[in-house]
Amino acid sequence: MGTQARQSNNLSKLAMLIGSALALSATSTVAFAAESSPVNQTNVNDSTTSSVDEVITIIGRSENTPLNIAANVNIIDAATIEMSGATTLTEVLRGQSGIQISDSNSGAVFAMRGFSASQAANNTLILVDGRRLNNIDIAAPSINAIPLNQIERVEILSGSAGVLYGDQAVGGVINIITKAPNSSGGGIQVSGGSFDTYEGKGDISGAISDTWRYYGAASYNQGDNYREHNANKTSSVLGRLQYADEQQDFFVEGSHYSNDRELAGALTDDQIKDDPRQSNATSPGAYDSYMHEMTTAARSGYKHQLNDEWSIGADLNYSDTLITGLNDWGTSRRDTRSLLEFTPKVVANIATEKGELNIVTGIDLSRGESEFSNGRGNVQKQASAYVQATVPLSKSLSYVVGGRYAEVTDELADPKSYPEGVELDQDAHAFELGLNYRPSTAHRFYLRADDNFRFAKVDEQAYTPASVVGLKPQTGRSYEAGWDWNPKSHTLRLSAYRLDLEDEIVFDPSAETPTGGSWPGANVNADASRRYGVSADWDWQLTDKVQLGAEYNYIDAEFTEGINEGKQLSWVAEHTGRGYFSIDANQNWQVFTELVYTGERFIEGDNGNADPKLDSYWLTNLAVNFTRDAWLASFRVDNLFDEQYVSAGYYSSWGNGYYAGTGRALRLTASYRF
């Protein structure tokens, strides 16, 4: 098929997708318009109304409440973060919503719904105020570039979100909402602790006029960390200027992040048993290896409320990253990446007698460019359009329907794989159908089916078997059912899901090594796989001073085709869980403790389940907080019982590599708000 014919066919698909979804929504609008009245979907005067009915931005695309969307959404607010005494976002997210963490002592990777560590960064979408933090290459997003003093809340959507977000929204979406300059004031925070760790943070916001406001924040952290030769110096600065009146909202924002870290390297099995804190000094240059990442980002957004029902808006985002360093073998690196995004959208909230009809539709355009010191590079252009409608059938029952069509063009260059360069054109689509039933404000039931997809990254496309020119897009579908119960003092969430994937993009150590490849194996489209799972999450406000909760997650993840049929997916623990207890001893003192459990799992890359599983482990964290007026002091101990565990590991026929998890760590923090 010629290029012109292919483009015409793709445009036809896109027109049919958007037209059918809008037609369905428009039909419902016409049916309900004659009876329209400003009646909410739920009775907000009911005495059992929970705080989860607060209208907030949910996963970035539009405003809603967690219980009025057909999905499993968990909100971690600023009060919860403060109660935990946590000092990094990684500590906050560990054990939440079934998230499994891998950390090679240079930054954490977050897996949702059963993905290996190497694939987690490509199948869990991380957003900051709706802006993608994921990279154009396989490097994990630098989540700790957002200090906790800048965070208002964290929204976690468990499961696929292919319609709303497209590429990489496979296992789930984590949206980090930063503070907006809605009030005047600020704060200063200092802390210090184990491994010669010192940190300072500050933020300030205020009004220039009735419509113009400003916000600024900065942070600096340095420490030696748990392992030898793993010291870091990390800093960030952010500034935002915002204009808002009754009809318009505009902002412009700039930020810079720097992380300079020594690399400790992987350990052998004998080394990690002998001393998990040691650096790997068996390779030349190990004591000189380091990585320095510097990212500068600019963001601007505009929203205009056309009338009571319709609004239009757009975000323009740009980020530029420079990574320099030296690897274990003494080879220097200088890699760059940049990403430009433009995301216009239209949102409608139309009141009807049956409830509120919500429509969100838009276009996502992006251009990413990466260049590596080894001569590899890529220019990736993505264009997609989406529409989603939440349609009320009654005051307690609604359904959601939507679709997305996406195209991607990769202009790859690689001295070994593609010395003449190659251009790849691919496309993918996603559809969604969900049902949300709220018989009362205390109960909610939902059913949901959502397609997902992801396109291969430049690192993956350039390291494939010689017979493969371009990996296929990974595609899949998620099915989920859930029940939420929210009386006055309890919150209980139960869900069960199935995730099926085809052409999953993975690194296979046993695959044919690419021409000129430096290590065995290659990136391939794997055999089909499926994941079953159930989760239970319970929070109980026992008294006005005592709160407790527990979470349990089960995942059965295995290959369903090929030579590894019936084998478990590597680095996916079947059982994970978390429990916590918080008590206010008096008006000033509060004690918080939590236990996080990670079950046995096969080491990353052991797709044939050849080696024994890694041991399960418990992490116990404790925080004691003191508050008085505008002062807050917190003493937190992570890994109280000094549990030794493997935080990341990689299977190889040459010998497995292991990274040690951090042992007992103490941190004392003091802050003042003004």
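Since this is a predicted model, take the numbers as computed values, not measurements. In this chain, numbering begins with 1 at the start of the sequence shown.
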Check your understanding: Taking only residues two or more places apart in sequence, or in another chain, which ones meet R94 in a salt bridge (charged side-chain N to carboxylate O under 4.0 Å, His left out)?
Key -> none
Point to revise | Residues that D77 engages under salt bridge (charged side-chain N to carboxylate O under 4.0 Å, His left out), provided they are two or more places apart | key: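 Partners of D77 under the salt bridge (charged side-chain N to carboxylate O under 4.0 Å, His left out) test: none.
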Measuring from atom [atom1] of [X] to atom [atom2] of [Y], what distance do you get when rounded to the nearest 0.5 angstrom?
X	Y	atom1	atom2	result
F251	W212	CZ	CH2	12.5 Å
Q100	N553	CD	CG	8.0 Å
E356	S398	CD	OG	11.0 Å
N452	S478	CG	OG	7.0 Å
Y497	N72	OH	CG	10.0 Å
S160	E432	OG	CD	9.5 Å

Check your understanding: Considering the options R667, Q222, Q189, which one meets the side-chain hydrogen bond (donor to acceptor under 3.5 Å, both in side chains) requirement together with E199?
Key -> R667
No-hydrogen, no-angle side-chain donor-acceptor test under 3.5 Å, [X] and [Y]:
X	Y	answer
Y580	D539	yes
Q590	S582	yes
N436	R444	yes
T295	R337	no
N349	E309	no
Q305	Q248	no
W483	H443	yes
N74	S97	yes
S634	T669	no

Determine whether [X] and [Y] make a side-chain contact, defined as any pair of heavy atoms from C-beta on separated by less than 4.5 Å.
X	Y	answer
E594	F581	no
K345	I312	no
L622	F592	no
T90	N144	yes
T491	W538	no
T197	N221	yes
L93	I156	yes
L133	L127	no

Is there a donor-acceptor pair closer than 3.5 Å between any side-chain N or O of [X] and the backbone N or O of [Y]?
X	Y	answer
D137	A139	yes
N259	E293	no
D537	Y552	no
S205	Y214	no
R673	A630	no
N134	T124	yes

Are [X] and [Y] within salt-bridge range, i.e. N to O under 4.0 Å?
X	Y	result
D315	R131	no
D203	K201	no
E82	R636	no
E341	R299	no

Count the heavy atoms belonging to other residues, nucleotides or ligands that lie under 6.0 Å from [atom1] of [X], then report whether that count exceeds 12.
X	atom1	answer
L668	CG	yes
D210	CG	no
I188	CD1	no
N307	CG	yes

Exercise for review: Dump the intermediate steps for side chain to side chain contact (heavy atoms under 4.5 Å, CB included) on S158 and M112, then the final yes or no.
Suggested key: CA-CA 7 Å; S158 299; M112 300 179 68; 3.7 Å; yes
Review point. Going through the checks in order, is the side chain to side chain contact (heavy atoms under 4.5 Å, CB included) test met by W310 and V346?
Key: CA-CA 7 Å; W310 292 87; V346 178; 3.7 Å; yes
Review point. Considering the options D167, D450, D364, which one meets the salt bridge (Lys or Arg N to Asp or Glu O under 4.0 Å) requirement together with R404?
Key: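 Of the listed options, the one satisfying the test is D364.
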Check your understanding: Picking from R240, K179, R153, what satisfies salt bridge (Lys or Arg N to Asp or Glu O under 4.0 Å) with D129?
Key -> R240
Minimum heavy-atom distance [X]-[Y], with the two atoms named:
X	Y	answer
S236	Q150	OG-NE2, 4.0 Å
Y318	D320	OH-OD2, 3.2 Å
A70	L447	CB-O, 4.2 Å
S235	Y220	CB-CD1, 3.9 Å
Y386	T361	O-OG1, 2.8 Å
T390	L357	O-CD1, 3.3 Å

Exercise for review: Tell me, please, which residues at least two apart from D629 pass side-chain contact (heavy atoms from CB on, under 4.5 Å).
Suggested key: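 For D629 there are no side-chain contact (heavy atoms from CB on, under 4.5 Å) partners, ignoring immediate neighbours.
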Study note, to complete from the structure: Given the options D260, L322, T321, M294 meets side-chain contact (heavy atoms from CB on, under 4.5 Å) only with L322
Point to revise | Steps toward side chain to side chain contact (heavy atoms under 4.5 Å, CB included) verdict (R367, L339) | key: CA-CA 6 Å; R367 182 187 187 277; L339 179 64; over 6 Å; no
Review point. Taking it one step at a time, do I101 and V109 satisfy side chain to side chain contact (heavy atoms under 4.5 Å, CB included)?
Key: CA-CA 6 Å; I101 292 179; V109 179; over 6 Å; no
Practice item. If the plane angle is over 60° it's perpendicular, under 30° parallel, otherwise tilted; pick one for Y672 and W631. Key: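 Answer is tilted, since the angle falls between 30° and 60°.
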